Asker: 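I have a structure I would like to understand better, so I am pasting it below and will then ask my questions one at a time.
Owing to the predicted nature of the structure, the values given are computational and were not obtained by experimental measurement. Just so it is clear: chains get the letters A, B, ... in the order the sequence lines come, proteins before strands, and each one is counted from 1.
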Amino acid sequence: MSDNKVHAVFDGIEEEDNHLPNWWLATLFLAMVFAFGYWFLYHSTVWLDTPAREYAKEAEAQKKRLALQNPMSDESLAALANDPRAVEEGKKTFTTICVACHKADGSGSVGPNLTDRYWLHGNKPTDLYGAVMTGFQDKGMPPWGPQLGEKRTREVVAFVLSIRNSEVPGGKAPQGDLKE
Amino acid sequence: MRAQLSSIRADGSRLPIHPLEVKGRWVTRRRLTFALLIAIYVAAPLVKIGGHPAVHLDVAARRFYLLGGTFNAQDFWMVLLLATGFLFSVLFVTAWRGRLWCGWGCPQTVFLEAVYRPIERLFDGPASRRLKQHETPWALGRVARTAGKFATYAVVSAGLAHVATSLFVSAHELRGMISDGPHAHPEAFAWTTAFTALLFFNFGWFREQFCVVLCPYGRLQSVLHDRRSITVAYDAARGEPRGKVAKGNGDCVDCKKCVQACPTAIDIRDGLQMECLACAQCIDACDDVMAKVGRQKGLIRYTSQAELAGQPRRVFRPRLLLYAALATAAATTLTVSLVGRTPFEANVLRLRGVPFVIDGDRVRNQLEVHLVNKRSDAAELKLSVRGPDGLEVQLARDAVALGSLEDARVPLVVSLPKGQVHGKLLLELVVTDTGSGLERRAPIPFIAP
């Protein structure tokens with residue numbers, strides 16, 4: 001090594017065999033040590049998870065979390081309608097988005113009146129949730145789920161539940177079936 | 001000719017480099033440049049322009065405040081112009097004046113020569129003493145000096161790292177984070193600590209190895225330079241044969257001051273080398289000696305290979321003109337794009353679902369207006385829609401108040417009597433910024449059977 005001998009010549013360029021900088025070699029050896037430790041810890045023990053194992057664990061945890069988290073039911077949505085904070089949040093969304101078709105008070109214009117007792121697609125809380133989430137595209141109700149997400153959709157439903165049957169005067173004429 | 005990296009001994013160990021302190025016109029000019037650049041770096045997050053720091057790159061929220069301008073992620077395409085403009089400027093400067101960047105503007109040089117080496121000198125004395133110190137035993141004095149030196153490096157590195165962090169979170173926010181403590185902001189703390197460690201290692205030990213082993217720019221000099229590029233060069237015709245001041249000898253007295261002053265330990269008399277940072281310290285070292293022995297200064301000077309061979313200096317040549325043209329094109333396009341920026345964005349999108357709904361005797365389209373306020377302060381935008389008679393418009397909101405870089409989606413329902421339109425008709429959305437009175441129009445495509 002580093003004998004100042006020319007080992008190869010190409011195109012007039014002489015190649016010698018110098019010693020590499022020691023600090024550079026140190027990074028190589030450290031990388032080897034790291035690789036061994038990495039292989040041992042991730043692939044030979046259960047102490048650290050490979051990305052695949054980590055993903056499986058996280059997916060499992062997410063599944064559990066979703067199962068526990070407020071299962072969507074008529075009861076849970078009806079309960080949310082009694083939570084003033086959720087209703088208030090829902091009102092904010094309603095008056096910035098839904099207002100275009102249902103009016104700020106929900107009495108309806110392009111879209112149906114939400115304050116009367118007549119309903120086109122059912123008046124159960126889960127019916128309303130489905131209506132907001134997936135819409136009725138042929139009738140003009142877009143699916144808002146992708147934009148609002150689950151939480152804001154629930155809150156909007158809570159707000160609508162809080163104003164239904166309030167019979168706002170001057171609202172749009174009834175559409176659909178009478179529901180009590 | 002040297003066959004070994006100048007800063008690495010034959011056995012692979014580091015050669016300790018302590019460049020001789022020289023005085024001269026280039027060193028003085030470089031010091032002023034360094035002071036200016038460091039002042040800009042420290043001022044960038046502290047000085048406010050238009051209510052925001054001069055530089056605040058809020059990556060987490062994708063809001064970028066640059067010299068009074070407010071940018072969001074949608075403006076990222078301008079970085080292409082910025083990057084190409086910068087790249088071609090660097091190519092231009094390199095072809096014209098050599099590696100000015102390395103010796104005068106690169107943070108590696110600026111912080112090393114203006115901050116860390118002066119600290120080292122403060123503790124360990126001038127270069128001659130520092131070189132000797134490597135041979136002395138680790139007595140109490142040397143241990144104390146070294147400890148003091150590295151402790152100061154650590155404090156300074158932490159300071160520089162905090163400036164870097166404040167470019168991303170703003171100085172004000174950083175002050176709050178510091179008083180909250182590391183546990184409240186583990187991510188910012190980790191970044192700042194990592195950057196502190198990197199600066200400490202780099203400037204405390206790694207230094208010129210970065211330039212000669214890691215940095216790709218220096219390795220490109222052989223393709224970026226030509227014979228007319230002005231670089232730091234030794235005038236061999238004048239200097240050789242080197243030796244004592246005597247008849248028959250050249251101007252070079254072989255004092256080796258140029259080698260001692262070199263931050264990468266090369267001998268500039270061997271010609272231009274990849275390790276040369278164009279710092280010009282050898283020029284000042286040599287000029288000093290030339291003055292002492294009563295010879296003309298400039299044995300080592302900023303000059304080109306062509307000039308050294310007796311040809312006249314010629315600046316304009318095709319490659320320089322090409323680099324300049326490309327840099328100017330990028331800069332011009334960037335300027336035009338910056339001037340043409342509007343203070344808000346307004347786009348009309350179609351809502352999901354069918355393209356139109358037939359509702360009794362009317363045809364309805366359901367859309368959404370996406371608004372973004374791109375000013376550095378709040379704005380109120382008013383919306384209205386223009387179209388033919390019979391048009392009915394329902395906007396969820398006709399006035400939207402938005403903070404800086406906030407956005408909003410406003411549902412928009414338009415309807416026309418059935419049969420009035422067949423196919424497609426363009427309606428017009430008018431957005432007015434109530435503050436400035438500025439108006440923008442966006443087309444609304446109305447679709448009917």
Asker: Side chain to side chain contact (heavy atoms under 4.5 Å, CB included) for A:L80 and A:V157? Distances and angles first, verdict last.
Answerer: CA-CA 9 Å; A:L80 201 63; A:V157 171; over 6 Å; no
Asker: For the pair B:R9 and B:D11, find out whether any cationic side-chain nitrogen is under 4.0 Å from an anionic carboxylate oxygen.
Answerer: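 So B:R9 does not pair with B:D11 through a salt bridge.
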Asker: Considering only heavy atoms, which portion of A:K139 lies under 4.5 Å from any heavy atom of chain B: side chain, backbone, both, or neither?
Answerer: backbone
Asker: Roughly how far apart are A:Y129 OH and A:S76 OG, rounded to 0.5 Å?
Answerer: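 It is 9.5 Å, given to the nearest 0.5 Å.
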Asker: Under a 4.5 Å heavy-atom cut-off, does chain A meet the side chain of B:V393, its backbone, both or neither?
Answerer: neither
Asker: Only one of B:L425, B:V369, B:L412 clears side-chain contact (heavy atoms from CB on, under 4.5 Å) with B:I444; which?
Answerer: B:L412
Asker: Taking the six-membered ring for Trp and the full ring for Phe, Tyr or His, determine whether the centres of B:F111 and B:Y116 are under 6.0 Å apart.
Answerer: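 That pair fails the under 6.0 Å test.
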Asker: Check each atom of A:Q147 against the heavy atoms of chain B and say whether the ones under 4.5 Å are side chain, backbone, both or neither.
Answerer: side chain
Asker: Heavy atoms only, distances under 4.5 angstrom: which of B:P411, B:G353, B:G12, B:S415 has the most pairs with chain A? Name it, please.
Answerer: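 Looking at each of B:P411, B:G353, B:G12, B:S415 in turn, B:G12 comes out on top.
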Asker: Any Lys/Arg nitrogen of A:E89 or A:K92 sitting under 4.0 Å from an Asp/Glu carboxylate oxygen of the other?
Answerer: yes
Asker: Does any heavy atom of chain A fall under 4.5 Å from the side chain of B:F356, the backbone, both, or neither of them?
Answerer: neither
Asker: Is it the side chain or the backbone of B:E368 that comes within 4.5 Å of chain A heavy atoms, both, or neither?
Answerer: side chain
Asker: Name the region of B:R364, side chain, backbone, both or neither, that has any atom closer than 4.5 Å to a heavy atom of chain A.
Answerer: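 Contact with chain A involves the side chain of B:R364 alone.
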Asker: With chain B as the partner, which of A:I97, A:V99, A:D138 has the greatest number of non-hydrogen pairs under 4.5 Å?
Answerer: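 Between A:I97, A:V99, A:D138, the count favours A:I97.
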